[in-house]
Amino acid sequence: MSDTRNLFNKVWDLHSVRTLPDGQTQLFIGLHLIHEVTSPQAFEILRERGLQVAFPQRTFATVDHVIPTADQSRPFQDELAEQMMSAIERNCREFGITLLNLDDRRQGIVHVVGPEQGLTQPGMTIVCGDSHTSTHGAFGSIAIGIGTSNVAQVLATQTMFLNRPAVRRVVVNGQLSPGVFAKDVILHIIRKLGVQGGVGYAYEYAGTTFDAMSMEERMTVCNMSIEGGARCGYINPDETTVDYLRGRPFAPQGDSFDRAAAWWLSLASSDDAEFDDEVEFDAADIEPTVTWGITPAQSVGISEKLPHVSDFPSEEQTLVREALEFMGLQEGAPIAGTKIDVAFIGSCTNSRISDLRQAADVVRGHRVADGVRAIVVPGSQQVREQAMNEGLHEVFEAAGFEWRGAGCSMCLAMNPDRLQGREVCASSSNRNFKGRQGSPVGRTLLMSPAMVAAAAVQGHVTDIREFALAPV
Amino acid sequence: MSSNEIKTVEGTGIPLVLDDIDTDRIIPARFLRCVTFEGLGDHLFEDDRAQDADHPFNQPQYRNASILITGRNFGCGSSREHAPQSLMRWGIRAIVAESHAEIFFGNCASLGIVAATADRNDLETLAALVTQNPDCRLTVDLESLCVTAGGQSVPVRIPDSARTALITGQWDYLSRLLSAQGAVTAHAATIPYLNDFPD
């Protein structure tokens, strides 16, 4: 008889150490990724209690959130950031954890580095003190973001307590139109299901649209699961997954790889796998998508106009009014043509080599519009190196973009890269929350890297599909 | 009797019945540049407060509140435990919302903060009561699963696991996890990727 458990439940069952009478599972964690922001207090808890790291060889650290992307010389000018660097260096040294530090060519955003190094593999349980840990679900793993108390728990025991979520299959079938990217797919899903729609669920993304995606595109989709309320989202491993992992430094090698690949593929949800819920979308309905508000669900297709407050149920109108007022946008106005001040290409959502190639293809031969500040921040040192080998930095610099070092940069403003005042930023990142990009009144428009590039050149939000025809 | 037992939270309330309040708003990212959680209470909702003089967390009549009445999807976004830490260090001991984001809920559980849910109309009732009379005493009762205030009572919900842990004082999850470390080591031996993928 075939196994009708979906991938999520197979992987969960494999890692279940015990179930408590109250229903919680003590779940074994296969890979623990840490960074400088959410770990220092966790190590202090270990010290206070006289505990060691239980599985230091299953724990990997990098630095990303606070590091400057322009001048990376030490000590950092920001003393607080420097303190955090010193703390993670000391903690990794004292507790025997591998740190991919700034002087290590493998350093970068934790959710770019894990997959790139082959640390992230199908069938694993993966946690990190960062909500975008959902990214790693692209490989068919259970990958969830956790808080600092949880980080301490996982450091000390390699386990944590979790209630098993329900699993919703989110199906998208069909071929994406030219100019429509993975980012648009996930923005569309969040728009339709809402920012709280996924609470209590893990999302399995299935269907021919995801089947056709590269691993980097799948990471973009899974990355933003949390913006839809789902703590994790995943895609079943297939040959694309296996091909991506072959030869990566921390992936199994030789005969082990073949055995691993067979096991990975066996985990995929079968055709008769059972789900708690299912929703379906058609790829043909998805346009280049842009957010207009202060939650990632407040978005429209590029050819659409902003909704009217009265379009929403009465209980949601307060939030819609708040969003329009904060953004300085008018209900019923087109999103295309919205002026921007800053263009940011980067973040754990869209800073991989394919993202940079797409953006470079758009800007090649163009100039960033007058008055627009534009930066490109590769997700890792390896992405940066690859891009430079391909000459992409020259394309960006010739167009007037700044070419930076790897880090989280302007996604979350814990480093010198920030919006000023009420600047409007076309951003390839994941969150358009009030103040997210460092100015309390700064404004964010989320979109794909190609759309950011087009907006940078035009100085306003532009339909990437028409951009090629537009006069320079 | 364990000193960690939390069966009730009593105190005055503070109303903030808005939806999708994310953790960047609760504690802006620049305040995460720290290696301890000390002092975070001073920066709770800092940017929202600066832009809205009437923000409830600016109003002196709520300064001693310990029970937050809020809306849907509270604490969404970033996993930063700095968010519940800043609420706790400001003085909040219970958050009654229409719903909580999951990572935020888990962080509250680890800190012994009561994160309960109630129906929207009941939240509006509580918020109105607190607004009219900021000195009104509220009791969040985890045993009878209700909030009582001013002679009224509204039902609240909280997942069994969190409720049991709070009532019995077993919300120090680290100690409970450590008690099974033998089983954890044994379990690791059954995980294929830790054992070179046996056939």
Side-chain angles (χ1 to χ4, degrees), chain A residues 14-15 17-18 20 22-24 26 28 30 37-38 40-41 44 54 66 78 80-81 83-84 87 121 123-124 129-131 145-150 152-153 156-161 163 195-196 199 229 231 252 256 259-260 263 295 315 318-319 412-414 431 433-436 438 440-441, chain B residues 18-20 22-25 28-30 32-37 46-48 50-51 72-73 76-82 84-85 99-104 106-107 110-111 120 159-161 163-165 173-174 176-178 180-181 183-185 187-188 190-194 196-199:
Chain A
L14 177 70
H15 292 84
V17 176
R18 60 173 173 157
L20 300 182
D22 65 17
Q24 289 193 99
Q26 182 168 358
F28 184 86
V37 178
T38 55
Q41 298 90 341
E44 283 313 307
V66 304
D78 179 354
L80 296 173
Q83 265 180 35
M84 298 170 80
Q121 294 170 23
M124 284 183 173
D130 190 285
S131 61
I146 59 176
T148 296
S149 294
N150 297 143
Q153 292 155 12
T157 71
Q158 204 63 23
T159 64
M160 62 181 289
F161 289 123
N163 285 305
V195 288
Q196 79 296 339
V199 173
R231 200 169 179 179
S256 295
R259 291 197 304 278
W263 182 64
T295 82
E315 66 270 21
T318 306
L319 181 65
L412 88 168
M414 286 191 64
R431 289 193 171 133
F433 298 154
K434 282 182 171 182
R436 170 74 180 182
V441 290
Chain B
L18 296 172
D19 296 328
D20 300 329
D22 58 76
T23 53
D24 275 86
R25 288 174 68 174
R30 61 185 180 279
L32 275 53
R33 288 156 44 247
C34 56
V35 293
T36 79
F37 292 122
E46 180 146 319
D47 292 345
D48 277 9
Q51 291 168 56
R72 183 192 70 186
N73 201 28
C76 60
S78 160
S79 67
R80 61 189 70 170
E81 192 163 304
H82 308 66
Q85 284 276 0
S99 62
H100 301 273
E102 273 178 74
I103 303 177
F104 180 84
N107 288 338
S110 288
L111 297 175
R120 185 68 171 219
D160 278 345
S161 52
R163 178 180 178 228
T164 306
Y173 292 95
L174 178 50
R176 295 171 70 190
L177 290 164
L178 281 165
Q181 208 54 22
V184 171
T185 307
H187 197 83
T190 70
I191 305 280
Y193 58 83
L194 298 182
D196 197 26
F197 303 96
D199 282 320

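Computed from a predicted structure; not experimentally measured. Note on naming: letters A, B, ... go to the chains in the order of the sequence lines (proteins, then strands), and numbering restarts at 1 for each one.
In this structure the side chain of B:Ile103 never reaches within 4.5 angstrom of the side chain of A:Ile146, judged on heavy atoms. Using a 4.5 Å heavy-atom threshold, the side chains of B:Pro192 and A:Arg259 count as separate. A heavy-atom distance below 4.5 Å is found between the side chains of A:Met414 and B:Arg33. The side-chain heavy atoms of B:Glu46 and B:Gln51, taken from C-beta on, include no pair separated by under 4.5 Å. Here the side chains of B:Arg72 and A:Gln196 are in contact, with some heavy-atom distance below 4.5 Å. Between B:Cys76 and B:His100 the shortest side-chain heavy-atom distance does not fall below 4.5 Å. With contacts defined as side-chain heavy-atom distances shorter than 4.5 Å, the pair B:Leu18/A:Thr318 qualifies.
Heavy-atom distances place the side chain of A:Gln121, and not its backbone, under 4.5 Å from chain B. When heavy atoms are compared at a cutoff of 4.5 Å, A:Val195 approaches chain B by way of both its backbone and its side chain. When heavy atoms are compared at a cutoff of 4.5 Å, B:Arg163 does not approach chain A at all. Looking at A:Thr159, the atoms closer than 4.5 Å to chain B (heavy atoms on both sides) sit in the backbone and in the side chain alike. The contact between B:Leu174 and chain A is made by backbone and side chain atoms together, counting heavy-atom distances below 4.5 Å. Residue contact with chain A, scored on non-hydrogen atoms closer than 4.5 Å, involves the backbone and the side chain of B:Glu102 alike. Only the side chain of A:Gln24 comes within less than 4.5 Å of a heavy atom in chain B; its backbone stays farther off. With a threshold of 4.5 angstrom between heavy atoms, A:Phe28 approaches chain B through side-chain atoms but not through N, CA, C or O. Both the backbone and the side chain of A:Thr148 come within contact range of chain B, with heavy atoms under 4.5 Å apart. With a 4.5 Å cut-off on non-hydrogen atoms, A:Ala260 touches chain B through its backbone and its side chain both.
Between chain A and the residues B:Asp22, B:Asp20, B:Asp199, B:Asn107, the largest count of heavy-atom pairs under 4.5 Å involves B:Asp22. Heavy-atom pairs under 4.5 Å with chain B were tallied for A:Leu412, A:Asp130, A:Thr295; the largest tally goes to A:Asp130. Between chain B and the options A:Leu319, A:Asp78, A:Asn150, A:Asn163, heavy-atom pairs under 4.5 Å are most frequent for A:Asp78. Between chain B and the options A:Gln83, A:Arg18, A:Gln158, the largest number of non-hydrogen pairs under 4.5 Å is found for A:Arg18. Per-residue heavy-atom pair counts under 4.5 Å with chain A were compared for B:Ala101, B:Gly77, B:Pro159, and the maximum is reached by B:Gly77. Note on B:Thr23, B:Asp196, B:Asp19, B:Asp160: by heavy-atom pairs under 4.5 Å with chain A, the leading option is B:Asp196. Between chain A and the residues B:Ser110, B:Ala183, B:Ser78, the largest count of heavy-atom pairs under 4.5 Å involves B:Ser78. The candidate with the highest count of non-hydrogen atom pairs below 4.5 Å against chain A, out of B:Thr185, B:Leu32, B:Thr164, is B:Leu32. Of all the listed residues (B:Thr190, B:Leu178, B:Leu111), the one sharing the greatest number of non-hydrogen pairs under 4.5 Å with chain A is B:Leu178.
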message: Before you tell me yes or no, could you show the steps for B:Tyr193 and A:His15 under ring pair (Phe, Tyr, Trp, His ring centres under 6.0 Å), namely the whole-Å CA-CA distance, both residues' side-chain angles and the distance that decides it to 0.1 Å?
response: CA-CA 11 Å; B:Tyr193 58 83; A:His15 292 84; 5.7 Å; yes
message: side-chain hydrogen bond (donor to acceptor under 3.5 Å, both in side chains) for A:Arg431 and A:Ser131? Distances and angles first, verdict last.
response: CA-CA 11 Å; A:Arg431 289 193 171 133; A:Ser131 61; 2.8 Å; yes
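Of the possible donor and acceptor atoms, one in the side chain of A:Arg231 sits under 3.5 Å from a partner among the backbone N and O of A:Gly145.
By the 4.0 Å N-to-carboxylate-O rule, B:Asp47 lies too far from A:Lys434 to be salt-bridged with it.
Taking the centre and axis of the six-membered ring of A:Phe433, the NZ or CZ atom of B:Arg25 falls outside the cone set by 45° and 6.0 Å.
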